[in-house]
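So the structure is just underneath, and the comments pick up after that.
In listed order, ligands and their atoms are each counted from 1.
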Amino acid sequence: MKEIKILYLYPDMLELYGDYGNIQVLRYRLEKRGFKCIVDKYSIGDEMPDFKNYDIIFAGGGADNEQSILSEDLIKYKDNLKEAENTGVFFLLICGAYQLFGKYYKSVEGNIIPGLEIFPYYTEAIADRKKRCIGNIVLDVNLNGKETKVIGFENHGGQTYDVATSFGKVLFGNGNKFGDTEEGFFKKNVIATYLHGPLLSKNPELTDYIIKYCLDRRYDEDITLEPLNDEFENLCRKQLLDRFLQV
Ligand code: GLN
């Protein structure tokens with residue numbers, strides 16, 4: 001039986017607005033098609049995982065406090081994570097984790113939380129604590145040449161700068177900064193984004209993009225995924241898109 005191995009980083013500290021749902025959706029869509037999904041977890045104090053042995057490394061969002069506590073631990077694995085990224089392991093990083101993989105995060109108080117510097121962007125929180133990018137968000141994303149709308153929910157004070165290749169164009173909501181036209185960071189094997197939601201439950205096409213990437217890479221093939229019945233997901237998406245984009 002073909003399998004996909006997921007590593008979930010800091011589940012006890014990075015899990016805002018249903019981020020764990022992303023793993024549940026990956027598992028659901030894999031198992032429906034007869035693939036096995038193995039999920040391992042890593043938290044502070046655990047043995048160092050063999051990062052490059054995984055197909056997907058996932059980390060969710062967190063408050064500034066959690067970010068500053070765990071950044072010290074995460075930085076120990078900087079080279080290992082970089083190596084995993086270089087070998088093509090897929091990274092799905094939400095909000096706080098998105099920020100931690102960049103150069104640094106500057107909090108409202110002006111404290112610098114060092115990042116892994118794996119990607120060249122950086123994030124600074126807006127000085128006014130009450131000002132946050134909060135709400136529903138819709139992006140136009142290009143997945144292997146196919147335009148798709150990605151729906152999520154954002155809640156961040158951090159404003160992210162110097163993103164070379166964004167995840168998508170903002171159709172509704174804020175994005176990397178207040179009123180930005182771009183959201184997240186994207187490369188073939190990395191999606192780093194502010195979108196909670198959980199992101200994958202609202203975006204089956206995006207989930208299948210990740211699944212296909214991982215299966216193709218692990219088994220050296222060009223798989224055509226068996227379609228699933230997404231009637232409810234599509235009805236929900238239509239409802240949300242009608243509401244946010246007033247089409
Ligand atoms: N602490 C970060 C910010 O407010 C991330 C928040 C989150 O993960 N939702 O920008």
Before signing off on this row, confirm whether His196 and ligand 1 have an N or O atom pair separated by under 3.5 Å. yes
If the cut-off is 4.0 Å to any non-hydrogen atom of Leu16, which atoms of ligand 1 fall inside it? 7 (C), 8 (O), 9 (N)
Can you find a side-chain donor-acceptor pair between Ser107 and Asp64 that sits under 3.5 Å? no
Within the 4.5 Å heavy-atom criterion, are Ile211 and Leu215 side-chain neighbours or not? yes
What do you reckon, does Tyr194 have a nitrogen or oxygen under 3.5 Å from a nitrogen or oxygen of ligand 1? no
For atom 4 (O) of ligand 1, which protein heavy atom lies nearest, and how many Å away is it? Arg132 NH2, 2.8 Å
Among protein heavy atoms, which sits nearest to atom 1 (N) of ligand 1, and what does the distance come to when rounded to 0.1 Å? Asp64 OD1, 2.5 Å
Residue, atom name and distance, where the atom is the protein heavy atom closest to atom 7 (C) of ligand 1: Cys95 SG, 2.8 Å
His196 and Asp19: side-chain donor and acceptor closer than 3.5 Å? yes
Nearest non-hydrogen protein atom, atom 10 (O) of ligand 1: Gly158 N, 2.8 Å
For Asp73 against Tyr42, the heavy-atom pair lying closest together: OD2-OH, 2.8 Å
Assign the ring pair Phe90 / Tyr209 to parallel, tilted or perpendicular, where the plane angle (0 to 90°) is split at 30° and 60°. perpendicular
So if I count the atoms of ligand 1 from 1 in the order they appear, which ones are less than 4.0 Å from some heavy atom of Gly61? 8 (O)
Can a non-hydrogen atom of Tyr98 be found less than 4.0 Å from any atom of ligand 1? no
re atom 6 (C) of ligand 1, the protein heavy-atom contact at minimum distance is Gly62 O, 3.3 Å
Would you check the N or O atoms of Ala63, main chain and side chain alike, for any that come under 3.5 Å of an N or O of ligand 1? no
Are Tyr98 and Tyr121 an aromatic pair, judged by ring center distance below 6.0 Å? yes
Please report whether the ring centroid of Phe153 lies less than 6.0 Å from that of Tyr17. yes
Do we see a donor-acceptor contact under 3.5 Å between the side chains of Tyr194 and Asn174? no
Does ligand 1 come near enough to Gln67 that some N or O of the ligand is less than 3.5 Å from an N or O of the residue? yes
Going by the atom numbers of ligand 1, which of them fall below 4.0 Å from some non-hydrogen atom of Asn155? 6 (C), 7 (C), 9 (N)
Determine whether a donor-acceptor pair (N or O, by modelled atom type, separation under 3.5 Å) exists between the side chain of Glu154 and the backbone of Leu195. no
